[in-house]
Structures are given as C-alpha cells and as structure tokens.
Amino acid sequence: MQDEVNGKIVALSIKGSKLTAEMLQKAVKALLAKGKQHISQSPHGKQTLKQLMKQGADVSNIEITDGNIQSL
C-alpha cells in the first residue's frame with residue numbers, strides 16, 4: 001500500500017512600502033489565526049446528514065439488494 005502525500009500551498013500577500021520583520025510576523029500570526037478558525041469550524045466524528053450537506057460533501061443513495069450486500 002502506498003502512502004498518500006497531500007501538499008498544501010498557502011499564499012500570503014502583504015501591502016506595505018517596506019517589509020520589516022515585525023510586519024511579516026504580524027501577517028503570519030493573522031494567517032495562522034484564520035487557519036485555526038477554519039479548522040475549528042468543521043465538525044469531526046459522527047455527523048448528521050444535514051451537517052454533511054452543509055460542508056458541501058457529496059451525498060448519494062446506495063440501493064442494497066441481496067446481490068450487492070457482500071460488496072459492503
């Protein structure tokens with residue numbers, strides 16, 4: 001089995017006349033705070049159908065018959 005590697009790229013745009021270490025530090029802190037908010041908003045574990053639909057997850061029905069019950 002091969003392990004999947006997921007790469008994430010983050011773009012940070014800063015407007016200013018002179019880039020200082022303090023300005024860069026504030027921008028990175030703001031970016032990390034926004035990322036933590038995004039992570040904390042998504043529920044984990046058991047979820048209702050409504051919660052899944054709010055996240056934009058694909059929802060579909062699977063018909064279970066005697067012939068295809070073994071594939072589950």
Side-chain angles (χ1 to χ4, degrees):
M1 228 172 140
Q2 293 182 0
D3 292 22
E4 292 184 26
V5 177
N6 294 328
K8 294 187 180 185
I9 299 173
V10 177
L12 177 62
S13 174
I14 303 171
K15 287 186 179 182
S17 60
K18 188 174 181 183
L19 182 64
T20 63
E22 184 180 344
M23 184 186 293
L24 182 61
Q25 183 182 18
K26 286 181 182 179
V28 170
K29 281 184 180 181
L31 182 69
L32 291 174
K34 193 169 189 171
K36 285 182 182 179
Q37 286 177 347
H38 180 69
I39 290 172
S40 66
Q41 290 176 353
S42 61
H44 297 284
K46 288 186 179 182
Q47 299 177 30
T48 65
L49 186 60
K50 287 183 182 181
Q51 288 173 328
L52 285 173
M53 291 173 64
K54 284 182 185 177
Q55 295 176 21
D58 292 332
V59 181
S60 62
N61 294 343
I62 301 173
E63 185 177 341
I64 300 174
T65 62
D66 290 337
N68 66 2
I69 197 159
Q70 290 180 348
S71 64
L72 294 175

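These figures come from a predicted structure and were not determined experimentally. In this chain, residues are counted from 1 in sequence order.
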Colleague: State which residues pass side-chain contact (heavy atoms from CB on, under 4.5 Å) with A27; sequence neighbours excluded, sorted by chain then number.
Modeller: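 Result, side-chain contact (heavy atoms from CB on, under 4.5 Å) vs A27: L12, I14.
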
Colleague: According to side chain to side chain donor-acceptor pair (under 3.5 Å), who are the partners of T20, at least two apart in sequence or on a separate chain?
Modeller: none

Colleague: Shortest non-hydrogen contact from K15 to M23?
Modeller: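 Here K15 and M23 meet closest at O-SD, 4.4 Å.
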
Colleague: The criterion is side-chain contact (heavy atoms from CB on, under 4.5 Å); which residues satisfy it with T65, sequence neighbours excluded?
Modeller: E63, N68

Colleague: Check residues 45-53 and write down every donor-acceptor pair under 3.5 Å in which the side-chain atom is one partner and the other belongs to a residue at least two apart or another chain.
Modeller:
from: Q47; atom 1: OE1; to: Q55; atom 2: NE2; distance (Å): 2.9
from: Q47; atom 1: NE2; to: P43; atom 2: O; distance (Å): 3.1
from: T48; atom 1: OG1; to: Q51; atom 2: N; distance (Å): 3.2
from: Q51; atom 1: OE1; to: T48; atom 2: N; distance (Å): 2.9

